[in-house]
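Scope of the values below: all heavy atoms of this structure, side chains included, with no hydrogens, waters or symmetry mates. For clarity, every value in this text was computed on a predicted model and none was experimentally measured.
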Amino acid sequence: MPSAGVTRLADVTGLDVLGISVYLAVRPGARSLAVSVGKGMDTASARTAALMESLEVWRAENLDTPGQVASFRELTDNGITAVDPDTLPLALDAEPTGHRQRRATWIPGSDVSSGRRVWVPLDVVSLDFRLGSLTAPWLARNSNGLASGNTRPEALLHALCEVIERDAEWRWRTSDDERRIALDTVRDAECRRLLDRFAAHGVYVAAWDITSAVGLPVVGCVILSNPNLAEWFGTGVHDGFCCRPDPAVALAGALQEAAQKKLTYISGSRDDVTREEMARAHDTGLVQRVWDDLHVGGERTDFATVRSYTPHGAGSDVAVAAEALLRAGFERIVVVEVAGAHPGPWVVKAVVPGAYGPYGSALAPSGH
């Protein structure tokens, strides 16, 4: 914590009634987010999650990997393998094409399948948001695919699952595919404990199987209170998403993330939550509309039909996730080594050309 500038771990669990542990890790000198959030079913898990997230962001803010300045065309003309910038999510105000000729700083990664060196734009890895730090301002900059772990395979599995999750969320939100889960068909003990806890505190849950063509289970959910009750107050509608080889673990992760988001808005301490987003969180009209939509009848999916991948340890799960991405048509998976295990956790960044970023990050027309 001292070397990273983390000054405190704050317990905000008690600001909500659910009792799902949520902690904040505070880094006042951050070059991006000063506050990272972690959740878990117990205090130790939530503290660890918050600290790990803060440490991985700190590492991405302070990359020391040697780079080179060139355009994609210049690199490929010289026989250097690089990720096509037109297959990466774009910044919101970027022109849709024409980025292959623009110069930027590139850093090396490695192809997960072959181990060959592949160069990627610095801006898709770096989280240094200081003025003047951008070299490819047309690319979206975010932490999608950035993950930490106690071992490299653990970090890489989390990174790949996040990329698959975000891509699946985009595709589900922009499709007419419903696949809402019948929650009374959920039998997993931990998921049932979570669902029962939400219900006991008057929080309504809806969940969907949003698994994409990649095939690894991805679950999304929303939570909200009944707006028709007099004691309801405006804590809004909050969602959560999670990808894991086991669908029950994915559902539990999505539920915990939704609870974490709710507490993030209640605490008001996350420095990337805009005034507009905070206003939406207190928009009772929005809550009423979502409530009404969720209570329209419709077909429900039996949770038992969601395919599960049998876990065999983090290393083999990495192979399963990578093979699933390649089978789905993604041609390359690049991993950038952000930090080794000393000091602190392993940190990697997974870059999958053609995968959609967080919802709202579009690809160029030539993308996957």
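- Formation of a donor-acceptor pair under 3.5 Å by the Ser148 side chain with backbone atoms of Trp346 is not found in this model.
- Judged by distance alone, with hydrogens and angles left aside, the side-chain atoms of Asn78 form no donor-acceptor pair with the main-chain N or O of Ile80 at under 3.5 Å.
- Annotation: side chain of Pro345 is in contact with side chain of Leu55 (closest heavy-atom distance under 4.5 Å).
- Using a 4.0 Å cut-off between a side-chain N of Lys or Arg and a carboxylate O of Asp or Glu, Arg171 and Asp167 qualify as a salt bridge.
- Connection of Leu33 to Met1 is not established within any shared hydrophobic cluster, with ILVMFWY side chains joined at heavy-atom distances below 4.5 Å, either directly or through further cluster members.
- In this structure, the ring pair (Phe, Tyr, Trp, His ring centres under 6.0 Å) partners of Trp172, at least two apart in sequence or on a different chain, are Trp208.
- When Leu18, Val22, Leu194 are each tested for a side chain to side chain contact (heavy atoms under 4.5 Å, CB included) with Gln256, only one passes: Leu194.
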Would Asn228 and Asn226 count as a side chain to side chain donor-acceptor pair (under 3.5 Å) here? Give the steps. CA-CA 5 Å; Asn228 301 307; Asn226 187 342; 3.2 Å; yes

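- Under the rule for a side-chain hydrogen bond (donor to acceptor under 3.5 Å, both in side chains), the partners of Arg152 that lie at least two apart in sequence or sit in another chain are Glu337.
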For side chain to side chain donor-acceptor pair (under 3.5 Å), just list the numbers for Glu61 and Ser32, CA-CA rounded to whole Å, side-chain angles, deciding distance to a tenth of an Å, and then say yes or no. CA-CA 7 Å; Glu61 292 172 350; Ser32 56; 2.5 Å; yes

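- Within the 4.5 Å cutoff, no side-chain heavy atoms of Leu9 are placed close to those of Leu24.
- Residues Ile20 and Phe198 form a side-chain contact, since some pair of their non-hydrogen atoms from C-beta on lies under 4.5 Å apart.
- Classification of Asp188 and Arg192 as a salt-bridged pair fails, no side-chain N sitting under 4.0 Å from a carboxylate O.
- Contacts classified as salt bridge (Lys or Arg N to Asp or Glu O under 4.0 Å) and involving residues 155-165 (residues at least two apart or in different chains) are given here: Glu162-Arg166.
- Using a 3.5 Å distance cut-off with no hydrogens or angles, the side chains of Gln288 and Asp292 do pair a donor with an acceptor.
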Begin from the C-alpha positions of Ser45 and Asp42 and carry the test side chain to side chain donor-acceptor pair (under 3.5 Å) through to its verdict. CA-CA 6 Å; Ser45 298; Asp42 55 63; 2.9 Å; yes

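- Applying the side-chain hydrogen bond (donor to acceptor under 3.5 Å, both in side chains) test to Arg300 and every residue at least two apart in sequence or in another chain returns nothing.
- Taking a cutoff of 4.0 Å between a charged side-chain nitrogen and a carboxylate oxygen, Arg270 and Glu53 qualify as a salt bridge.
- With rounding to the nearest 0.5 angstrom, the NZ atom of Lys261 is 9.5 Å from the NE2 atom of His238.
- Counting only heavy atoms from C-beta outward, the side chains of Cys242 and Glu257 never approach each other to under 4.5 Å.
- Other residues, nucleotides and ligands contribute more than 12 heavy atoms inside 6.0 Å of the CD atom of Gln101.
- Here the straight-line distance linking atom CZ of Arg307 with atom CG of Asp209 works out to 12.5 Å at 0.5 Å rounding.
- Judged by distance alone, with hydrogens and angles left aside, the side-chain atoms of Thr301 form no donor-acceptor pair with the main-chain N or O of Phe303 at under 3.5 Å.
- When Lys262, His201, Gln260 are each tested for a side-chain hydrogen bond (donor to acceptor under 3.5 Å, both in side chains) with Asp16, only one passes: Lys262.
- With sequence neighbours left out, the side-chain hydrogen bond (donor to acceptor under 3.5 Å, both in side chains) criterion links Ser212 to no other residue.
- A chain of hydrophobic side-chain contacts below 4.5 Å, direct or via other Ile, Leu, Val, Met, Phe, Trp or Tyr residues, connects Ile164 to Leu326.
- Although no hydrogens or angles enter the test, the distance criterion places a donor-acceptor pair under 3.5 Å between the side chain of Arg179 and the main chain of Thr211.
- In summary, the side chains of Arg103 and Ser71 do not present any donor paired with an acceptor at a separation below 3.5 Å, with no hydrogens or angles considered.
- Taking CZ from Arg180 and CD1 from Ile210, the interatomic distance works out to 14.5 Å, rounded to the nearest 0.5 Å.
- Atom CD of Glu95 is surrounded by 12 or fewer heavy atoms from other residues, nucleotides or ligands within 6.0 Å.
- By the 4.0 Å N-to-carboxylate-O rule, Arg116 lies too far from Asp111 to be salt-bridged with it.
- Around atom CZ of Arg173, more than 12 heavy atoms belonging to other residues, nucleotides or ligands sit under 6.0 Å away.
- In this structure, a donor-acceptor pair under 3.5 Å is present between the side chains of Thr135 and Asp123.
- Residues satisfying the side-chain hydrogen bond (donor to acceptor under 3.5 Å, both in side chains) criterion with Arg141, sequence neighbours excluded, are Ser126.
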